[in-house]
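Heads up, the thing below is written out as structure tokens.
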Amino acid sequence: MSSNTPLVCESSPARSRRRLLRAAALVVAGASGVSQFARAQSSTMADWPHKPVRIVVPYAPGGSSDTLGRAIAKYLSDALRQPVVVENRAGAGGLIGSQQVAKAPPDGYTLVVSGIGSHVIAPAVNNVFDPIKEFTHIALLGGPPIALVVNGSQPWRDVADFIDTAKTVAGIHYATPGQGTHGHLTAELFRAALKLNLAHISYKGAGPAVNDLIANQIPAGFMTLSSANAHVPSGKLRLLAVTAPKRLQEYPSVPTFEELGYPSLTGTTWFALSGPPGMPGAIVEKINTEVRRGLQTPALKALLSAESMVTADYTPEAFQHFMFGELNRWVTPARAVLNGK
């Protein structure tokens with residue numbers, strides 16, 4: 001043997017054992033890192049929220065979405081023991097504020113008041129985002145039905161009277177809070193189904209539309225009931241029908257469109273809480289549980305009743321199913337009516 005021959009010469013089995021030991025060490029180290037990351041994430045979710053939560057309302061102050069958003073924010077501030085603040089980001093039918101939230105970190109600290117207008121009708125018509133893939137849908141808040149409402153001095157006592165006139169005169173002008181709103185879509189579906197002579201007048205919000213209705217500058221309107229009901233008891237406005245699934249306790253004499261033979265118009269201008277895509281399931285469950293609990297409190301039940309709002313008790317999974325149903329139901333009619341396709 002040469003004097004330069006190594007004193008120790010590893011056999012192939014020995015080299016294999018050393019490689020296995022090194023690989024095992026790497027696996028253990030990697031597993032430890034994953035475990036620490038998982039524990040950190042779990043800890044983050046367990047103590048959520050540990051700082052203020054922001055709820056974006058993608059509409060101007062004063063509407064139904066703003067009312068609901070602020071009411072649930074107040075409840076959540078107490079329930080979660082952290083400030084929950086509301087920020088109005090209006091524009092483009094709710095699309096601007098919604099898009100901002102879609103791009104936010106999915107950590108539960110930025111939410112949006114979503115709804116049929118901003119997350120069903122508007123994206124169907126404008127194709128600006130995917131309302132399912134680009135959001136985490138958390139909890140239904142509720143919302144008012146659409147009402148066919150007329151000035152109190154108009155001769156129409158019921159929907160049949162209104163239809164008779166709309167089939168014979170040159171055209172009845174009707175108001176909505178804006179182009180592409182749920183009220184506009186409902187009115188156009190109603191008009192098309194009965195071949196009525198109706199002409200749409202689009203307003204910049206429900207407030208101006210209601211003011212002109214009261215002043216009899218325009219004879220009729222399709223808008224959320226909560227926008228109009230303050231003027232019904234005085235007789236300034238008259239309700240002819242609502243899109244609620246059943247007659248409302250506050251207005252037992254006002255029929256639903258469904259019982260009048262138009263079930264396709266049944267629905268509410270609902271609002272909900274949603275967040276960016278990929279939110280942790282534990283945080284989604286926590287928010288959903290608290291929202292559902294809050295909607296059963298006397299204060300929020302009184303608000304829902306006063307605003308003629310309808311809600312439902314949905315888990316996150318049930319609400320996601322509801323969202324799919326709303327998209328399947330409204331996307332095609334919305335494109336047909338509002339885009340002419």
Checklist entry - Would you say the side chain of N151 lies within less than 4.5 Å of the side chain of K236, judging by non-hydrogen atoms? => result no
Next on the checklist: Do F190 and V159 make a side-chain contact, defined as non-hydrogen atoms from C-beta onward lying under 4.5 Å apart?
Outcome noted: yes
Next on the checklist: With a sphere of 6.0 Å drawn around CD of E317, does it hold more than 12 non-hydrogen atoms of other residues, nucleotides or ligands?
Outcome noted: yes
Next on the checklist: Would a single hydrophobic cluster contain both F135 and M323, if residues Ile, Leu, Val, Met, Phe, Trp and Tyr are joined by side-chain heavy-atom contacts under 4.5 Å?
Outcome noted: no
Checklist entry - Heavy-atom distance under 4.5 Å between the side chains of F319 and N288, does that happen here? => result no
Item to check | Which residues share a side chain to side chain donor-acceptor pair (under 3.5 Å) with T165, sequence neighbours left out | outcome: W156
Item to check | CE on M309 to CG on L295, rounded to 0.5 Å | outcome: 11.0 Å
Checklist entry - Remaining members of V149's ILVMFWY cluster at a side-chain heavy-atom cut-off under 4.5 Å? => result I201, Y203, V210, L213, I214, I218, M223, L225, V232, L237, L239, V242, L248, Y251, V254, V310
Next on the checklist: Quick check: is I116 connected to V331 through a chain of hydrophobic side chains (ILVMFWY, heavy atoms under 4.5 Å apart)?
Outcome noted: yes
Next on the checklist: Under a 4.0 Å threshold between the charged nitrogen and the carboxylate oxygen, would E258 count as salt-bridged to K246?
Outcome noted: no
Next on the checklist: Could you tell me if T67 and S64 have a donor-acceptor pair between their side chains, going purely by distance under 3.5 Å?
Outcome noted: no
Sequence neighbours left out, cut at 3.5 Å: what donor-acceptor pairs do the side chains of residues 75-85 make with other protein atoms?
| unit_1 | atom_1 | unit_2 | atom_2 | d |
| --- | --- | --- | --- | --- |
| Y75 | OH | E290 | OE1 | 3.3 |
| S77 | OG | A73 | O | 2.9 |
| S77 | OG | V84 | N | 2.9 |

Checklist entry - Are side-chain N/O atoms of N229 and E307 paired as donor and acceptor at under 3.5 Å? => result no
Run the side-chain donor-acceptor check on residues 121-131: report pairs under 3.5 Å with partners two or more places apart or on a different chain.
| unit_1 | atom_1 | unit_2 | atom_2 | d |
| --- | --- | --- | --- | --- |
| N126 | ND2 | A122 | O | 3.1 |
| D130 | OD1 | I132 | N | 2.9 |
| D130 | OD1 | K133 | N | 3.0 |

Item to check | Nearest-0.5 Å distance that lies between atom CG in L189 and atom NE2 in H184 | outcome: 9.5 Å
Checklist entry - Just how far is it from atom CH2 of W270 to atom NE2 of H119, taken to the nearest 0.5 Å? => result 8.0 Å
Item to check | Transitive ILVMFWY side-chain link Y262 to Y174, under 4.5 Å | outcome: yes
Checklist entry - With a 3.5 Å cut-off and no angle check, do the side chains of H50 and Y109 form a donor-acceptor pair? => result yes
Checklist entry - Among L265, T266, T269, which residue meets the side-chain contact (heavy atoms from CB on, under 4.5 Å) test with T186? => result L265
Checklist entry - Roughly how far, to the nearest 0.5 Å, is OG of S274 from NE2 of H137? => result 4.5 Å
Next on the checklist: Pair D313, Q296 - check side chain to side chain donor-acceptor pair (under 3.5 Å), show working.
Outcome noted: CA-CA 10 Å; D313 188 39; Q296 297 304 312; 5.4 Å; no
Next on the checklist: Apply side-chain contact (heavy atoms from CB on, under 4.5 Å) to residues R247 and T256 and explain how you reach the verdict.
Outcome noted: CA-CA 6 Å; R247 291 200 183 198; T256 67; 4.3 Å; yes
Checklist entry - Shared ILVMFWY cluster between L95 and L185, side chains joined below 4.5 angstrom? => result no
Checklist entry - Between CZ of F222 and OG1 of T181, what distance do you get to the nearest 0.5 Å? => result 11.5 Å
Item to check | Any residue meeting side-chain contact (heavy atoms from CB on, under 4.5 Å) with V101, in chain and number order, not counting sequence neighbours | outcome: V56, T110, V112, P276
Item to check | Sequence-distant partners of T176, side chain to side chain donor-acceptor pair (under 3.5 Å), two or more places apart | outcome: H200
Next on the checklist: For the CZ atom of R292 and the OG1 atom of T311, what is their distance to the nearest 0.5 Å?
Outcome noted: 10.5 Å
